[in-house]
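Note that the structure is a prediction, hence the values are computed from the model and not measured. When reading the values below, keep in mind they use all heavy atoms of this one structure, side chains included, and skip hydrogens, waters and symmetry mates.
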Amino acid sequence: MAKNLTTRAEDYSKWYNELVVKADLAENSGVRGCMVIKPYGYAIWEKIQAQLDKMFKETGHENAYFPLFVPKSLFEAEEKNAEGFAKECAVVTHYRLKTDPDDSTKLVVDPDAKLEEELIVRPTSEAIIWNTYKGWIQSYRDLPILINQWANVVRWEMRTRLFLRTAEFLWQEGHTAHSTRSEAIQESELMLKVYAEFAEKFMAMPVIQGIKTESERFAGAVETYCIEALMQDGKALQAGTSHFLGQNFAKAFDVKFATKEGKKEHVWATSWGVSTRLMGALIMTHSDDNGLVLPPHLAPYQVVIVPIYKGQEQLDLISEKAFEIKSELENLGVSVKFDNRDTHKPGWKFNEYELKGVPLRIAIGPRDLANNTIELARRDTLEKSIVNLDDLAEAIPKTLKDIQENLFNRAADHRTKNTNKADTWEEFKEIINGDGGFVEAHWDGSAETEEKIKQETKATIRCIPLDAIEEAGVCVYSGNPSNKRVIFAKAY
RNA sequence: CGGGAUGUAGCUCAGCUCGGUAGAGUACUCGUCUGGGGGACGAGUGGUCGCAGGUUCAAAUCCUGUCAUCCCGACCA
């Protein structure tokens with residue numbers, strides 16, 4: 001049992017906070033609402049980045065970088081977008097400090113260094129990017145533009161939580177420009193597929209693909225596509241969004257291109273992003289009361305070797321064997337850490353690596369040396385087995401594959417068990433106020449109904465699933481006719 | 001921005017009611033024994049009690065102000 005980790009049943013939220021800190025993923029910083037991502041946590045983010053980056057490039061995108069600051073006049077150009085983010089913007093108003101005349105050890109903002117025009121620290125980059133694209137696009141020959149940016153953004157949130165909602169967060173944002181409406185829609189749908197594939201194959205996290213209702217739509221978008229995942233505590237988490245922006249930004253920034261026929265038309269746009277919030281999703285999908293559980297595809301190291309020994313002589317013998325195993329596994333593409341620190345005892349290390357979610361642990365002691373075996377422990381099931389050294393090259397990759405699949409199946413099973421249909425308002429409230437989870441219910445399509453349901457139950461429409469089945473029904477709240485079910489849940 | 005709470009050792013906190021030598025656990029350092037699930041014993045390091053005023057012979061403790069953080073709401077990837 002991990003020492004001092006609150007259990008999920010006791011207090012899920014507390015469990016999450018403790019886990020993030022104790023697994024060495026991140027911690028709160030001296031800056032309000034901003035986190036420090038620690039090396040182990042950042043290593044997971046780098047795995048996420050590397051895989052997504054590969055997938056973006058395979059679908060024809062290139063990386064670029066745009067400025068952190070957005071002049072206010074550009075920011076306000078697309079009205080809905082500006083309005084949507086206005087309440088959570090950090091604003092730079094001055095460019096210089098000076099020594100406090102009343103206290104030479106202190107600095108004050110120099111009132112003479114006020115900026116002519118305020119700079120907004122980007123909450124998202126559509127404005128600065130479309131202002132740039134304007135200069136890049138004249139003809140249909142310049143299209144499409146398929147660019148992604150890895151960056152940090154700032155949204156001044158009232159209440160923050162490590163990874164789930166921080167004032168500054170890391171993300172990627174794709175911004176594409178197209179000559180036709182249908183090509184842009186295809187692009188946003190393609191990137192939604194990329195996100196879904198990443199979530200399911202690499203994070204081992206099943207997601208529902210769908211579109212947002214008007215009230216949940218990205219400010220400035222015509223359509224927002226999303227992937228929604230269900231966390232262990234029955235709350236939903238929006239894991240990624242892909243927006244079809246129509247011609248909104250092209251019109252706001254006057255970006256036109258000449259068609260083959262020589263006519264001038266506004267450009268069609270998309271934007272899409274996922275953030276360090278995925279780290280939160282990963283944690284709340286798989287981890288348990290002993291700590292983090294990582295899918296092998298995203299683990300900074302997939303196997304840890306813990307030596308069990310008495311005295312330097314034994315350690316030397318075991319180390320020799322451990323290094324052999326390490327290089328044998330690395331040749332198979334398995335990442336391995338050999339923890340030969342003499343400063344911690346084996347039992348301590350077992351707990352430590354369980355807390356950090358390392359998928360497989362190998363323990364080798366004198367007993368094993370004598371028998372030509374190792375002890376293999378799986379993080380997902382906590383099962384231990386004795387494996388003959390000769391079988392290791394086969395057993396390890398196979399078990400890693402098993403773990404990856406098992407984690408997905410477990411999460412999918414949890415989602416299935418926590419997805420329920422509600423046909424009456426009573427049923428609906430009972431589920432939402434009970435165990436939560438996804439609720440499939442008919443909705444009359446009106447924003448008023450959506451808002452009333454939100455006010456009465458705190459549940460929101462997570463999405464209208466892309467694969468929703470056409471079926472006649474009546475709205476669970478208003479009784480008005482509806483032709484398909486949408487997904488409701490309380491959300492993070 | 002409304003409601004509640006808290007600032008004391010690296011961390012978690014006690015001490016404050018009733019003013020009088022700055023405490024515990026943990027972590028850290030050293031030593032010995034240990035080593036197949038967070039070891040034992042011994043010794044040691046570590047503090048401007050958030051900050052600024054005030055009352056007092058004397059303030060972590062009482063008073064005033066201030067700053068910060070956390071929790072619950074409204075907002076949100």
hbond_proxy A:Asn290 side chain to B:G37 base (donor-acceptor, 3.5 Å cutoff): no

Residues touching RNA chain B, which here means a heavy atom under 4.0 Å, drawn from residues 310-318 of chain A: A:Lys310, A:Gly311

Presence of salt bridge, A:Lys80 and A:Glu83, under 4.0 angstrom: no

Secondary-structure notation, RNA chain B, from Watson-Crick and G-U pairs under 3.5 angstrom (| other strand): (((((((..((((......[..)))).((((((.....)))))).....(((((..]....))))))))))))....

Sugar-phosphate only, base, or nothing, as touched by A:Asn28 at under 4.0 Å among non-hydrogen atoms: nothing

Sugar-phosphate only, base, or nothing, as touched by A:Phe218 at under 4.0 Å among non-hydrogen atoms: nothing

4.5 Å side-chain heavy-atom contact, A:Ile308 and A:Glu375: no

Sugar-phosphate, base or nothing in reach of A:Asn17, heavy atoms under 4.0 Å: nothing

Which nucleotide in B:G36, B:A77, B:G38 has an atom nearest any side-chain atom of A:Gln238: B:A77

A:Glu375 side chain, from C-beta outward: closest of B:G37, B:A77, B:G36: B:G36

Intermediate values then yes/no, salt bridge (charged side-chain N to carboxylate O under 4.0 Å, His left out), A:Asp380 and A:Arg378: CA-CA 6 Å; A:Asp380 60 336; A:Arg378 284 174 69 138; 2.6 Å; yes

Counterpart residues, side-chain contact (heavy atoms from CB on, under 4.5 Å), relative to A:Pro206 (two or more places apart): A:Glu200, A:Phe408, A:Ala411, A:Ala412, A:Arg415

Sugar-phosphate only, base, or nothing, as touched by A:Lys384 at under 4.0 Å among non-hydrogen atoms: base

Sugar-phosphate only, base, or nothing, as touched by A:Arg161 at under 4.0 Å among non-hydrogen atoms: nothing

Test item: side-chain donor near acceptor, A:Thr7 and A:Glu10, under 3.5 Å: yes

